[in-house]
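This report concerns only the one structure given below.
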Amino acid sequence: QVQLVESGGGLVQAGGSLRLSCAASGRTTSSYVLGWFRQAPGKEREFVTGIKRSGGNTYYADSVKGRFTISRDNAKNTVYLQMNSLKPEDTAVYYCAAKDGVVVTTNPNQYDYWGQGTQVTVSS
């Protein structure tokens, strides 16, 4: 098993940047596909980005492509989400998630472990 703890959320103006971190404990993160999801009030949880175990392949939702970057440091058991050019519609609770296997999927139900979430609020 792995436990995930997110940090780095906050309030930022539109056009600004934030970097989220997700620290893992338990099994090493190199054993898992890692992803970031987000959930805005009244909406379903949606896939933001994912990264394979080796870190060599990354996947992004169209809404964040070119603005967000996922990376992982398996030596530190940490995954990061760099968010640039933030927009008010990026406002949500952001969750880190991990899944067994090798395939990055966009379905949150296929992820086995979740962090508690961190709030990101982008003001206009």
Side-chain angles (χ1 to χ4, degrees):
Q1 284 200 346
V2 63
Q3 293 77 43
L4 304 171
V5 178
E6 303 96 335
S7 61
L11 173 64
V12 64
Q13 288 188 331
S17 298
L18 280 175
R19 188 175 85 151
L20 306 183
S21 299
C22 175
S25 59
R27 284 177 61 187
T28 177
T29 53
S30 62
S31 301
Y32 299 97
V33 166
L34 297 173
W36 288 95
F37 289 76
R38 67 186 181 186
Q39 189 166 18
K43 294 189 177 182
E44 293 186 350
R45 192 167 297 189
E46 65 173 359
F47 174 81
V48 175
T49 179
I51 188 167
K52 285 195 169 184
R53 292 189 293 181
S54 66
N57 296 87
T58 56
Y59 304 84
Y60 296 92
D62 288 342
S63 59
V64 306
K65 205 170 291 184
R67 300 188 297 121
F68 290 12
T69 303
I70 187 172
S71 61
R72 65 191 295 165
D73 185 337
N74 288 337
K76 295 183 178 179
N77 273 356
T78 302
V79 61
Y80 305 97
L81 180 62
Q82 178 66 45
M83 305 186 293
N84 298 329
S85 303
L86 283 161
K87 304 175 181 180
E89 51 263 44
D90 294 318
T91 295
V93 177
Y94 283 71
Y95 297 90
C96 174
K99 65 181 292 288
D100 293 313
V102 298
V103 178
V104 174
T105 63
T106 62
N107 184 347
N109 295 324
Q110 295 177 335
Y111 285 74
D112 304 293
Y113 307 102
W114 291 87
Q116 83 288 349
T118 185
Q119 176 71 46
V120 171
T121 303
V122 184
S123 64
S124 56

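Residue numbers count from 1 along this sequence.
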Spatial distance of atom CD (Gln82) from atom OG (Ser71) [nearest 0.5 Å]: 8.5 Å

Excluding sequence neighbours, so at least two apart, what forms ring pair (Phe, Tyr, Trp, His ring centres under 6.0 Å) with Tyr80? none

Sorted by first residue and then second, give each salt bridge (charged side-chain N to carboxylate O under 4.0 Å, His left out) pair with at least one member in residues 73-93; sequence neighbours left out. Arg38-Asp90, Arg67-Asp90

For Lys65, what residues pass the salt bridge (charged side-chain N to carboxylate O under 4.0 Å, His left out) criterion, not counting sequence neighbours? Asp62

Run the side chain to side chain donor-acceptor pair (under 3.5 Å) test against Ser17 and tell me which residues pass, sequence neighbours left out. Asn84

Under the ring pair (Phe, Tyr, Trp, His ring centres under 6.0 Å) rule, what pairs show up with a residue in residues 101-124, not counting sequence neighbours? Tyr32-Tyr113, Phe37-Tyr111, Phe37-Trp114

Side chain to side chain contact (heavy atoms under 4.5 Å, CB included) filter on Thr106, not counting sequence neighbours, yields Phe47

Once you round to the nearest 0.5 Å, how far does OG1 of Thr69 lie from CG of Leu81? 8.0 Å

In chain order, what residues pass the side chain to side chain contact (heavy atoms under 4.5 Å, CB included) check against Thr118, with sequence neighbours excluded? Glu6, Leu20, Tyr94

Within this structure, what is the OG1-CG distance for the pair Thr58 and Leu34, rounded to the nearest 0.5 Å? 12.5 Å

Can you list everything that forms a side chain to side chain contact (heavy atoms under 4.5 Å, CB included) with Thr121? Sequence neighbours excluded, please. Leu11, Thr91, Gln119

Derivation and outcome, side chain to side chain contact (heavy atoms under 4.5 Å, CB included), residues Ile70 and Phe68: CA-CA 7 Å; Ile70 187 172; Phe68 290 12; over 6 Å; no

Identify the heavy atoms of Ser124 and Ala14 that sit nearest to each other, and give their distance. CA-CB, 4.4 Å

Can you list the residues that meet the side chain to side chain contact (heavy atoms under 4.5 Å, CB included) rule with Ser7, with sequence neighbours excluded? Ser21

Could you grab the distance from atom CZ of Arg45 to atom CG of Asn107, nearest 0.5 Å is fine? 12.0 Å

I'd like to check the side chain to side chain donor-acceptor pair (under 3.5 Å) partners of Arg72; sequence neighbours left out, ordered by chain and number. Asn74

Side-chain heavy atoms nearer than 4.5 Å, only ILVMFWY residues, links allowed to pass through others: does that put Tyr95 and Val48 together? no

Show which side-chain atoms of residues 98-105 pair as donor or acceptor with protein atoms under 3.5 Å away, not counting sequence neighbours.
from   : atom 1 : to     : atom 2 : distance (Å)
Lys99  : NZ     : Val103 : O      : 2.9
Thr105 : OG1    : Gln110 : OE1    : 3.0

Using the rule given for side chain to side chain contact (heavy atoms under 4.5 Å, CB included), can you reason through Leu86 versus Leu18, listing the C-alpha separation, both sets of side-chain angles and the distance that settles it, and then say yes or no? CA-CA 8 Å; Leu86 283 161; Leu18 280 175; 4.2 Å; yes

Please tell me whether Val79 and Val2 are part of a single hydrophobic cluster in this structure, the criterion being side-chain heavy atoms less than 4.5 Å apart. yes

Pairs where residues 21-101 contributes a residue and the test disulfide (SG to SG under 2.5 Å) is met, not counting sequence neighbours: Cys22-Cys96

Going hydrophobic residue to hydrophobic residue with side-chain gaps under 4.5 angstrom, can you get from Tyr59 over to Val64? no

Examine the side chains of Gln3 and Ser25 and answer whether a donor and an acceptor come within less than 3.5 Å of each other. yes

Out of curiosity, Trp36 CH2 to Glu46 CD, how far, rounded to the nearest 0.5 Å? 14.5 Å

